[in-house]
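Data first, discussion second: the structure below is written as structure tokens.
Lettering follows sequence order; numbering is per chain, from 1.
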Amino acid sequence: MQTKRRAFLKGSLAAGATGVAVGAGLLTPRAVMAAWPNKAYEEATTQADALKAAWGTSGAQDSGDVNLKAPDIAENGAVVPVTASTTMKADKIAILVEGNDHPLCCDYSLKNADPFLSTRIKMGKTSNVVAVVHSGGKLYQAKKEVKVTIGGCGG
Amino acid sequence: MASRSVKIRASARGDMVTVKSLMKHPMESGLRKNKKTGKKIPAKFITEVTAEINGEPVLVGNMSAAVSKNPYLSFKAPGKSGDTVKISWVDNTGDSDSGEAKVR
């Protein structure tokens, strides 16, 4: 009886400690990134959902005025250089990867800056890279397929 | 060291400034595993970035773990030679840093 009671106490204490640790681990980042649109980045699994969560609108139409520069073949999916720009007057730019589990990579609000943005993104597999521009309350997009070579050295 | 985590190069052409910056950050997604221990590497990535020219915000952005390690960011904004460009970031663990440079 005595030994069982010991074991039981030990077990519940350990469980309690992990519970607290997990709780703290989960809570701190949430509290810290209050302004970060968690829904758009961590919950949305489609482009439409992500854009809706981030900007409140979705349903982008293809436009020739949006330019997306990305490589045809990316040898290393961890570093894919992407440049998005547009000739329209835009106030927001986002870059998405269709094939990623969570498509939204980054979104920027342009306070006074030109609609030009260049960055490097990660891609899990070959898929379309999408640049979406928010202009005059509407969304315009440009797509480009980027082949990702898993092997890293062209093979 | 901390002050070197954001590198900025800004050059003026006419009344536009082209800013190129590199932020030193691991950008861990939280999905990778440590090969030796098999334990997951905790997520650590930049969530918010703000760029200012002479104290005026020009670009405010959100990032996810799908942005490459040591994020590169380039943008264009109105400005002139001698202006101060400041870029600051906050990551998901609450760490933050910033860097400043003069426009050439």
Side-chain angles (χ1 to χ4, degrees), chain A residues 25-26 28-44 50 53-55 69 74 76-85 91-124 129, chain B residues 10 13-23 25-32 40 42-79 83 85 87 89-96:
Chain A
L26 279 176
T28 30
R30 290 287 174 281
V32 164
M33 42 184 194
W36 195 59
N38 188 41
K39 221 176 156 196
Y41 282 102
E42 294 205 323
E43 289 174 26
W55 295 347
K69 222 164 83 182
N76 182 358
V79 186
V80 184
V82 180
T83 302
S85 61
D91 54 355
K92 286 171 192 165
I93 291 185
I95 294 168
L96 300 97
V97 179
E98 282 181 1
N100 282 3
D101 289 348
H102 301 290
L104 192 57
C105 284
C106 51
D107 76 273
Y108 292 94
S109 296
L110 313 168
K111 303 285 179 193
N112 197 14
D114 249 27
F116 168 91
L117 199 72
S118 181
T119 188
R120 294 178 191 151
I121 56 171
K122 292 180 198 164
M123 293 179 67
V129 174
Chain B
R13 178 185 276 182
D15 53 358
M16 291 305 280
V17 172
T18 304
V19 181
K20 292 176 184 173
S21 64
L22 270 177
M23 290 157 256
H25 200 278
M27 296 302 275
E28 281 296 345
S29 66
L31 305 170
R32 282 197 325 143
K40 278 191 176 173
K44 188 173 175 66
F45 54 93
I46 295 176
T47 53
E48 283 163 49
V49 184
T50 309
E52 293 167 22
I53 293 185
N54 289 343
E56 287 285 317
V58 288
L59 186 79
V60 179
N62 299 306
M63 279 188 189
S64 74
V67 174
S68 303
K69 184 171 147 182
N70 299 336
Y72 167 78
L73 176 66
S74 170
F75 62 92
K76 291 175 184 170
D83 285 356
V85 180
I87 295 179
W89 56 258
V90 180
D91 76 7
N92 68 326
T93 58
D95 288 348
S96 63

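No other option in Ser74(B), Pro71(B), Ala77(B) has as many heavy-atom pairs under 4.5 Å with chain A as Ser74(B).
Side-chain atoms of Tyr108(A) and Leu73(B), non-hydrogen and from C-beta on, do get closer than 4.5 Å to each other. Residues Ile53(B) and Lys111(A) form no side-chain contact, since every pair of their non-hydrogen atoms from C-beta on lies 4.5 Å or further apart.
Between the CG atom in Leu117(A) and the NZ atom in Lys76(B) there is a gap of 11.0 Å [rounded to 0.5 Å]. Interatomic distance, Asn62(B) CG to Asn38(A) CG, rounded to the nearest 0.5 Å: 11.0 Å. Interatomic distance, Ile95(A) CD1 to Met63(B) CE, rounded to the nearest 0.5 Å: 9.5 Å.
When heavy atoms are compared at a cutoff of 4.5 Å, Ile46(B) does not approach chain A at all. Heavy atoms of Met16(B) lying under 4.5 Å from chain A belong exclusively to its side chain. Contact of Lys20(B) with chain A is not made at all, since no heavy-atom distance falls under 4.5 Å. Contact annotation for Val97(A): neither backbone nor side-chain heavy atoms come within less than 4.5 Å of a heavy atom of chain B.
Here the closest heavy-atom approach between residue Arg120(A) and residue Asn70(B) is recorded as NH1-O, 4.4 Å. Minimum interatomic distance between Ser68(B) and Ala78(A) (heavy atoms only, all atoms of both residues): OG-O, 2.7 Å. The two residues Lys122(A) and Lys69(B) have their closest heavy-atom pair at CE-N, 4.2 Å.
Without hydrogens or angle criteria, Ser64(B) side chain to Cys106(A) main chain gives no donor-acceptor distance under 3.5 Å. A distance-only check finds no donor-acceptor pair linking the side chain of Tyr41(A) to the backbone of Thr47(B) [under 3.5 Å].
Evaluation of the side-chain hydrogen bond (donor to acceptor under 3.5 Å, both in side chains) test over residues 95-106 of chain A, restricted to residues two or more places apart or in two chains, returns Glu98(A)-Asn128(A), Glu98(A)-Lys143(A).
Qualifying side-chain contact (heavy atoms from CB on, under 4.5 Å) partners for Asn112(A), counting only residues two or more places apart in sequence or in other chains: Val58(B), Pro78(B).
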